[in-house]
Amino acid sequence: MDYDFRSIESKWQAWWAANKTFKVVEDPSKPKYYVLDMFPYPSGAGLHVGHPLGYIASDIYSRYKRLKGFNVLHPMGYDAFGLPAEQYAIQTGQHPEVTTDKNVARYREQLDRIGFSYDWDREVRTCDPDFYKWTQWAFLQMFSSWYDPELDKARPIEELIRKFETTGYGDVTKEQWKAASEKEKSDILMGYRIAYQGETSVNWCEGLGTVLANDEVKDGLSVRGGFPVEQKKMTQWQLRVSAYAGRLLDGLEKLDWTDSLKEMQRNWIGRSEGTEMVFNTLCDGREMPVTIFTTRADTIYGVTFMVLAPESELVPQLTAADRKAEVEEYLAYVKKKTERERIAETKTVTGVFSGSYGINPVTGEKVPIWISEYVLAGYGTGAIMAVPAHDSRDYAFARKFDLPIIPLIEGCDVSEESFDAKDGIMCNSGFLNGMTVKQAIEAAKDYVEAHGLGHRKTNYRLRDAIFSRQRYWGEPFPIYYKHGIPTPLPHDELPLRLPEISSFKPSANGEPPLARAKDWNWKGWPLEKSTMPGFAGSSAYYLRYMDPHNDQALVSRDADTYWRNVDLYIGGTEHATGHLIYSRFWNKFLFDLGYVCEDEPFRKLINQGMIQGRSSFVYRVVGTNTFVSAGLKDQYQTTEIHVDINLVRNDRLDLEGFRNWRPDFADAEFVLEDGEYICGWAVEKMSKSMYNVVNPDDICDTYGADTLRLYEMFLGPLEQSKPWDTKGIDGVARFLKKFWRLYTDREGFIVTEEKATPQELKVLHKLIGKEQEDIENFSFNTTISAFMIAVGDLASLDCHKREILEPLCVLLSPFAPHISEELWHLLGHEGSISDARFPEYVAAYTVEDSVTYPVQFNGKMRFTVDLPRSASPAEVEAAVRGMEQTAKWVGDKAIAKVVVVPGRIINIVVK
RNA sequence: GCCUUGGUGGUGGAAUGGUAGACACGAGGGACUUAAAAUCCCUUGGCCCGAAACGGCCGUGCGGGUUCGAGUCCCGCCCGAGGCACCA
């Protein structure tokens, strides 16, 4: 009876689907466990072998947790709104919905072949109106809320309106509020809403015709498409993520995420604790206070000039009449630079003198005010005090424009570079003299506050998220403009569906595609024409899985209090500063309003590494159609050419296949080494253009899904990036065959009912212990090694016993579910193996012959000693004494005393 | 520049401070076979001695240190990967 993985796998996949084996319902009698994958964007290229890595890992863990008695929620869905479908639509006129449906179907087919234990009844798609109804709903909740800094949480906007009406709030008195028009009131409230409309400098991408969020831009280019991005002032919908900066930062503490990921988020949020200080300024005889932000108030005695950001609103007011021409020239120069140029030229120092002066509030000294692009308008106050001795940017500026540099730390050398370090003893600093820098920072802050010169201030780098996109394929905003005032649609109008339009391009006058829709208005009022960005739909999808068909709420209270939040989230690290920030923000917002019961969405998070491609190369001798083998290429002048990895096995090129691959290689000649053509190789991104894409379907065809699952895990640690190299796959394929053959022969199943020997049980128990420990540490590669050893041991013991096979199937089922189900079934079981329980070492399979005792010497050195379970402490001690011989590396003086302590740790104290 | 990681055979990778290289691939040799595939067995970090050995020496990026003992811990370098980067 051969191991016919094709029929076994299709049989069980059909069986699971027909019996809804993995359907899950809330069950208060069982502990819950929520395992989530980052849902994929269904691209036209389909899945390659790298995509399922994380899905396999989460599936193994889900299946393991089920065997451990947990009620496991393990859903899957699609992040289906997005740019590629829309761009494809622009090119072909094909509706994005059509291509998306097609791609989803293909993804599903590919996923099904790998044997995942998803509850497909809970599938979600972000582009489904029943889903985006709740994305729109959440947006309206944000629109109708403000962030109350006193309670440090979001509250309904009505509470703020009441404040305006009764006492006034912020800069607005109750009289002003009462006198304000509807439009003015709307504008005031916009300054507080969590989802608000406002003019800011945005990342405008001409190539895509839309604005982008900060995390969608890298090195001045759009992440999708790689088009240049420029800064532009525009009115856009935004989410007040910055209000949550502190909580997003503090919340990281209690999360079980990797340090590197937390660090990335910390960097992105960028807390800095400093001081806001007011400098009086003089411009053409006029006086004006200017607030600056600094983290180094202690360096106040070293201020030799001030700098404004070119975009700062203060620039026109602080430009002296006789400097106007120069300043305007500089502003024009800065403005025409693209974001990319600015980044590229960070080393070059530019700036212009404004003609005005600032007065140091502590020393009373008069310093010039400059304008330079190294100061950013969007951070702090857009104005700084410059201390060239102790800030490298100020230093470079001072050197370039020949401004004075005053050192403030004893013995520091500022002749070549600034002294940025925060240590040393202060000098030239009045009341701070003699203090250490750390003391001085605090003392200076106190001084500033005590003398009314300013106050302590915490700044964050995290900006509000730009929330509108000038695109078609996204969620429409449930907003209409009544007399020009943005107004929410009533709740029963949700979902506001995407309209049909004839072309997906922006309209001729530069408006978003939705401007092309007929009747894009509500009761005659125009509807918002931009749509929401990609992260809108992915920010709360994990909540929707808990209760995916509910049309009354995003998630019912019952479902939410049962499932609470995601226990294990697996996905790529590329979402560190995008999705994972937005989701946390979104969740905290819903938490504030009492819609969800947990304030963090993802308890534990694992970043699976990327699977890279392993490209193969051939070497063509320049000007010929002759190809030399890799080992000989240095003797010729050659060009490296990517060759399809399907034509290469173990780095050997299939010569015939190569000639048939492309017409221009039809008459290729080869220079071989040892009769073979050896290809060169390199690790690169897996992509079509490098001919190194491996499709999981092909692996399932030739090796089977169980082999694919095992191999992906066997490749190395989950979190590490690694190249895919099919050549190792034979090892795990052989293992499965060996396992199968252990319990089958030519005729069929050969399991015996004999009682297992202690030796056989020991093999099993070792495996149980190892697997349990490894799975909890997500060390799946070593678990698989343990299986290989166990099966090898059992084969050499010639063990075909039910008593061993039965638990073995259960142990293997998270990794290789199909073969396990089949053997489980052959053993006479009716249902799915997923209803079995993970074998317990002590309870179900108590070992009779021996138990392993760890032995420590001096609390450090360790051995193990195997003894009968019934051994008395005296016998244990005697056995350990016998081990003195084994402890040869300790030397003669090693062992003095054996102590048996409770918990069966034997402590040997070395004298 | 800053932060986070990592550096072990021909390759992927194992090693709670305790015999480094588990497991697997590849390679070499052998068995079975008319042959191939499949399968099975042996060898496989380097060097040296030997008839043989459970023989010796060297080996985890480099240099120091702690320890009876270091791939693992500490200090200082070098290199790779990822993130942040005029954030005052």
Side-chain angles (χ1 to χ4, degrees), chain A residues 2 218-219 258-272 274-275 292-297 299 306-307 309 342-343 345-350 372-376 378-387 390-394 396-397 420 459-463 573-574 576-577 607 609-610 612 614 650-651 681 683 710-711 714-717 719-735 737-738 741 773 777 779 781-790 792 795 854-863 886-894 910:
Chain A
D2 281 342
K218 222 192 152 206
D219 299 331
T258 61
D259 289 338
S260 64
L261 195 74
K262 286 189 196 177
E263 200 55 35
M264 272 190 233
Q265 291 215 338
R266 285 195 195 103
N267 277 337
W268 191 260
I269 296 167
R271 165 150 56 197
S272 68
T275 312
I292 59 97
F293 174 75
T294 180
T295 53
R296 295 292 302 273
T299 59
M306 292 173 71
V307 188
R342 249 181 111 146
I343 289 166
E345 294 168 14
T346 51
K347 291 286 168 284
T348 57
V349 178
T350 67
S372 172
E373 57 181 333
Y374 86 86
V375 173
L376 306 176
Y379 185 79
T381 60
I384 63 158
M385 65 179 213
V387 185
H390 301 291
D391 182 288
S392 52
R393 297 150 303 181
D394 297 344
F397 196 82
D420 292 14
N459 262 338
Y460 295 94
R461 210 178 64 91
L462 185 71
R463 312 268 198 93
T573 174
E574 68 272 20
T577 52
N607 295 118
M610 271 228 296
Q612 297 137 312
R614 189 180 187 276
N650 290 338
D651 291 337
W681 59 274
V683 173
L710 282 173
Y711 187 54
F714 190 65
L715 226 38
E719 308 204 48
Q720 191 173 302
S721 284
K722 54 232 159 191
W724 176 270
D725 188 352
T726 308
K727 82 180 178 193
I729 203 170
D730 289 323
V732 289
R734 270 176 215 146
F735 158 71
K737 256 188 252 176
K738 220 189 250 179
R741 262 205 321 272
E773 193 184 325
N777 292 321
S779 175
N781 53 335
T782 51
T783 320
I784 295 168
S785 296
F787 268 109
M788 290 175 173
I789 295 167
V855 180
Q856 310 184 4
F857 289 79
N858 231 3
K860 280 181 180 174
M861 184 194 332
R862 286 179 49 144
F863 285 101
T886 323
K888 56 187 175 193
W889 56 88
V890 176
D892 308 331
K893 56 176 178 174
V910 181

Re B/rU4: Watson-Crick or G-U wobble partner, both distances kept under 3.5 Å, found to be B/rA81
Sort out the partner of B/rG9 for me: Watson-Crick or G-U wobble, both distances under 3.5 Å, none otherwise. none
State which residues pass side chain to side chain donor-acceptor pair (under 3.5 Å) with A/Asn607; sequence neighbours excluded, sorted by chain then number. none
Is a side-chain donor or acceptor of A/Asn459 paired with a backbone partner of A/Ser272 at a separation under 3.5 angstrom? no
Would you classify A/Arg266 as touching base, sugar-phosphate or nothing, given that sugar-phosphate means primed atoms plus P, OP1 and OP2, and contacts are heavy atoms under 4.0 Å? nothing
Could you check which nucleotide pairs with B/rG26 in any of the strands shown, counting Watson-Crick or G-U wobble with both distances under 3.5 Å? B/rU44
Write down the distance between NZ (A/Lys722) and C1' (B/rU11), rounded to a whole number of angstrom. 15 Å
Watson-Crick or G-U wobble partner of B/rG50, both distances under 3.5 Å: none
B/rU60 - base-pair partner by Watson-Crick or wobble geometry, distances under 3.5 Å: none
Atom CD of A/Gln720 and atom C1' of B/rA14 are separated, to the nearest Å, by 12 Å
Rounded distance in Å between the C1' positions of B/rG18 and B/rA37: 46 Å
Checking A/Glu773 now: which residues fulfil side-chain contact (heavy atoms from CB on, under 4.5 Å) with it, not counting sequence neighbours? A/Asn777
What residues, two or more places apart in sequence or in another chain, satisfy side chain to side chain donor-acceptor pair (under 3.5 Å) together with A/Arg296? A/Asp298
5'-most contact on RNA chain B (nearest-nucleotide basis), A/Ser272 vs A/Glu263, goes to A/Glu263
Pairing residues for A/Ser392 by the side-chain contact (heavy atoms from CB on, under 4.5 Å) criterion, not counting sequence neighbours: A/Ser418, A/Asp420
Output the single nucleotide from B/rU4, B/rG13, B/rA88 whose closest atom is nearest the side chain of A/Ser260. B/rU4
Length of the line joining A/Arg614:CZ and B/rG10:C1', which is rounded to integer Å: 12 Å
Whole-Å gap separating P (B/rA85) and CG (A/Leu376): 11 Å
For A/Phe293 and A/Tyr379, take the angle between the two ring planes, folded into 0 to 90°, and tell me which bin it lands in: parallel under 30, tilted 30 to 60, perpendicular over 60. perpendicular
Take atom P in B/rA36 and the same atom in B/rG28, then report the distance between them in whole Å. 15 Å
Phosphate oxygens OP1/OP2 of B/rA88: is one of them under 4.0 Å from a side-chain N or O of A/Tyr374? no
Assign each of A/Asp725 and A/Thr350 the nucleotide of RNA chain B bearing its closest heavy atom; nearer the 5' end lies the nucleotide of A/Asp725
How would you label the contact of A/Lys262 with the nucleic acid (heavy atoms, under 4.0 Å): base, sugar-phosphate, or nothing? nothing
Fit a plane to each ring of A/Trp724 and A/Tyr711, take the angle between them on a 0 to 90° scale, and name the class: parallel (under 30°), tilted (30 to 60°) or perpendicular (over 60°). perpendicular
Partner of B/rU67 under the Watson-Crick or G-U wobble criteria, both distances under 3.5 Å, comes out as none
Taking atom P of B/rG12 as reference, at what distance in whole Å does atom CH2 of A/Trp724 sit? 16 Å
Distance, P atom - from B/rC75 to B/rA85, rounded to whole angstrom: 29 Å
Return the value, rounded to whole Å, for the distance between atom CG of A/Asp420 and atom C1' of B/rC3. 16 Å
Distance-only polar pair, side chains of A/Thr350 and A/Glu373, donor-acceptor under 3.5 Å: yes
Taking the same atom, P, in B/rC77 and in B/rU44, what whole-Å distance lies between them? 41 Å
Glycosidic conformation of B/rG9, syn or anti, with 90° from 0 as the boundary? syn
Taking the P atom in each of B/rA53 and B/rG65, what is the distance between them to the nearest angstrom? 38 Å
On a whole-Å scale, what distance lies between the C1' atoms belonging to B/rU66 and B/rC73? 8 Å
May I ask you to say what A/Pro717 touches in the nucleic acid, namely base, sugar-phosphate or nothing, with a heavy-atom cut-off under 4.0 Å? sugar-phosphate
Nearest-angstrom distance, C1' atom, B/rG82 to B/rC58: 36 Å
One character per nucleotide, please: for nucleotides 79-84 of chain B, 5' to 3', B when the base has a protein heavy atom closer than 4.0 Å, S when only the sugar-phosphate does, - otherwise. ----SS
Can you list the residues that meet the side chain to side chain donor-acceptor pair (under 3.5 Å) rule with A/Asn267, with sequence neighbours excluded? none
For A/Arg271, give me all partners under side-chain contact (heavy atoms from CB on, under 4.5 Å), at least two apart in sequence or on another chain. A/Leu249, A/Asp250, A/Glu273, A/Thr458, A/Tyr460
Among B/rC86, B/rA88, B/rU5, the one nearest A/Val375 by side-chain distance: B/rA88
Rounded to the Å, how far apart are A/Glu773 CD and B/rA14 C1'? 14 Å
Separation of B/rA88 atom C1' from A/Asp391 atom CG, nearest Å, is 6 Å
When the P atoms of B/rG45 and B/rC54 are considered, how many whole Å apart are they? 15 Å
Watson-Crick/G-U partner (both atom distances under 3.5 Å) of B/rA14: none
Paired nucleotide for B/rC32 [Watson-Crick or G-U wobble; both distances under 3.5 Å]: none
Can you list the residues that meet the side-chain contact (heavy atoms from CB on, under 4.5 Å) rule with A/Ala396, with sequence neighbours excluded? A/Val349
Would you please test A/Val732 and A/Met788 for side chain to side chain contact (heavy atoms under 4.5 Å, CB included) and show each step? CA-CA 8 Å; A/Val732 289; A/Met788 290 175 173; 3.5 Å; yes
A correct 5'-to-3' footprint of nucleotides 20-26 of chain B, with B, S and - meaning base, sugar-phosphate only and no protein heavy atom under 4.0 Å, is --BBSS-
